[in-house]
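All chains are named by letter (A, B, ...) in the order of the sequence lines, taking the proteins before the strands, and each is independently numbered beginning at 1. Computed from a predicted model, the values in this text were never measured in an experiment.
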Amino acid sequence: MSDFCRTYRWSAFTSWQVPAEHTSGVFCAAACSCNGLPIRAGRLKAAIRLEQEQSFELSDRYARTRPDPRSAKVAAFQVRGRFLTALALRIDSASADAEFYAQLDEQLGKGRQLFMGAPIVLDLANAPDFADHSRMRDLVEKLRARDLQVFGVQNAPAIDARQLQTLGLITLAPGREAPVPRDTNPAPAVAQTVTQAPLAENKVIRTPVRSGQIVVAEHGDLTIVGSVASGAELVAAGNIHVYGNLRGRAIAGCHGNENTHIFCQSLNAELVAIAGVYQTSETIEDTARERNTHIYLKDEKICMEVIA
Amino acid sequence: MTTELKDKPPLGRVIVVTSGKGGVGKTTSSAAISAALAKQGFRTVVVDFDVGLRNLDMIMGCERRVVFDFINVIQGDAKLKQALIKDKRLETLSILPTSQTRDKDALTKEGVEQILNELKTEFDYIVCDSPAGIERGAQLAMYYADEAVVVTNPEVSSVRDSDRVLGLLNSQTKRAETADAEPIKAQVLITRYDQSRVDIGEMMTVEDVLEILAVPLLGVIPESKAILRASNVGTPVVLDGPSAAAQAYEDAVTRLTGTELEMRIVEERRPGLFRRMFGRAT
């Protein structure tokens with residue numbers, strides 16, 4: 001039985017950039033303290049509940065060893081959060097025999113464009129025997145011969161990471177996945193999970209958001225009917241709408257979607273961020289202050305437009 | 001004055017007086033509110049939750065009568081009846097003092113609940129004087145509350161802290177955790193309000209404060225020398241002769257008991273010309 005596939009998301013490296021100037025920069029969900037913004041990684045980690053906590057530890061480490069921002073004149077590079085969708089190939093047969101490859105080829109024949117260029121992770125949860133190096137090498141070679149871009153292995157605690165490296169593979173911490181029923185016909189399931197984006201879960205809050213509260217819409221838009229106090233925080237994967245005074249922080253597109261927007265009836269925000277690009281209260285133009293404002297990203301810059 | 005005992009079963013309402021920020025007048029307000037409630041004939045007890053920083057008994061003028069305290073009762077060293085101090089001025093008013101030698105860790109959720117339940121069987125209003133901050137002491141003071149009086153000074157840091165506390169009242173209390181319970185009825189009490197400083201823009205206006213906090217206004221207490229004087233002699237300000245602050249507290253308490261009363265900002269009487277010329281010498 002060859003079986004597939006779940007969409008599988010992981011963040012590779014999430015960290016900060018060295019801001020070239022103090023006016024705007026990249027605001028990262030996981031960044032520690034960029035540009036004088038004390039944002040504790042731990043708190044946002046809890047708030048955003050990303051699956052791969054590893055990436056945060058990584059970013060923590062980067063953040064600690066960053067050069068002194070005062071001495072950094074021009075940013076030579078930017079490290080930004082990135083989410084990558086990978087296909088997980090869960091192997092359910094005990095050995096990679098002719099039957100296995102026949103089923104695989106049949107699957108590839110059905111939807112080759114699905115696999116074109118897609119990074120693939122081998123999931124060995126049901127096939128621990130593949131942890132053996134020679135079998136793994138054989139499997140990877142045959143998969144790569146079929147233009148499948150295998151780059152990692154998950155759910156294989158017994159595997160030797162160093163030997164994997166010789167095959168150009170890395171081990172991945174298991175991601176949180178929605179289980180796919182095994183007995184159903186795998187083909188439509190594949191089509192479904194890949195063509196449909198993860199279902200948006202919008203959130204509507206009808207009470208004022210108080211100082212110290214964090215409201216997170218992890219998979220969709222966030223709408224607040226009421227005001228958002230200074231010291232409160234809104235985080236959304238999608239857009240943020242505030243029908244009231246926005247005095248706290250608003251972070252839209254927290255998973256990196258640059259096509260997200262923030263709307264508020266009166267802009268007094270401490271900070272607004274879209275897909276990691278942020279602007280603080282100091283640099284909000286007076287024309288938009290306390291006005292009905294639409295905030296969006298254009299050419300990696302925050303734009304504020306007064307509506308009505 | 002209506003201090004006759006009512007024969008009705010006790011209301012058993014738990015009111016927490018809280019603020020987040022320190023020094024805004026929680027203890028003064030707790031003393032004044034409980035005294036004003038008692039004055040209106042309600043059987044009232046005021047409980048000091050500020051373990052380790054015992055102040056309420058001084059404001060109430062009973063610090064020399066403290067034998068057992070809140071913590072003794074929680075730990076079973078004394079009975080509640082032994083720890084309650086009856087006020088000498090108002091027979092409907094009692095004080096449950098706290099310990100000066102222990103700290104907030106001596107408070108337990110179960111202990112607090114048990115004592116409040118016992119008090120509910122005897123009193124109409126149980127006023128809980130919360131410590132400053134949002135840690136254990138303050139959390140336990142608000143946890144079992146039915147109503148909250150959020151004391152705020154008209155300045156930004158106090159308002160922001162009050163906002164934080166309002167958030168906690170909506171999330172970290174028994175009523176918030178119980179599925180179909182009515183949420184805590186929170187009202188804001190603005191203290192140390194100085195109209196002359198508001199007029200010259202040095203102080204936030206009542207409207208500004210309410211716009212941020214978005215909860216009903218219970219009252220506005222003017223900055224008043226009467227409050228300091230009353231504290232120094234150990235008398236709740238409402239029992240210490242007529243003053244603008246006392247009037248404002250009485251109005252606030254009337255609203256607290258559910259009576260509609262038009263909001264007025266009582267001002268400290270400006271000294272007249274005669275007093276300004278000769279009053280200083282006296």
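For B:Glu202, the CD atom sits in a packed shell: over 12 heavy atoms of surrounding residues, nucleotides or ligands are nearer than 6.0 Å. Shown here is B:Arg192, whose CZ atom has no more than 12 heavy atoms of other residues, nucleotides or ligands within 6.0 Å. Other residues, nucleotides and ligands place more than 12 heavy atoms under 6.0 Å from the NZ atom of B:Lys120. Around CZ of A:Arg291, the count of heavy atoms belonging to other residues, nucleotides or ligands within 6.0 Å does not exceed 12.
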Candidate pair A:Ser230 and B:Arg160, rule side-chain hydrogen bond (donor to acceptor under 3.5 Å, both in side chains), full reasoning
CA-CA 7 Å; A:Ser230 72; B:Arg160 185 202 269 211; 3.2 Å; yes

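A pairwise comparison of heavy atoms in B:Ile212 and A:Arg210 identifies O-NH1, 4.2 Å as the closest pair. Shortest non-hydrogen contact noted between A:Val209 and B:Asp163 is O-OD2, 4.4 Å.
Contact tally against chain A (heavy-atom pairs below 4.5 Å) for B:Leu166, B:Asn170, B:Ile134, B:Leu168: the top residue is B:Leu166.
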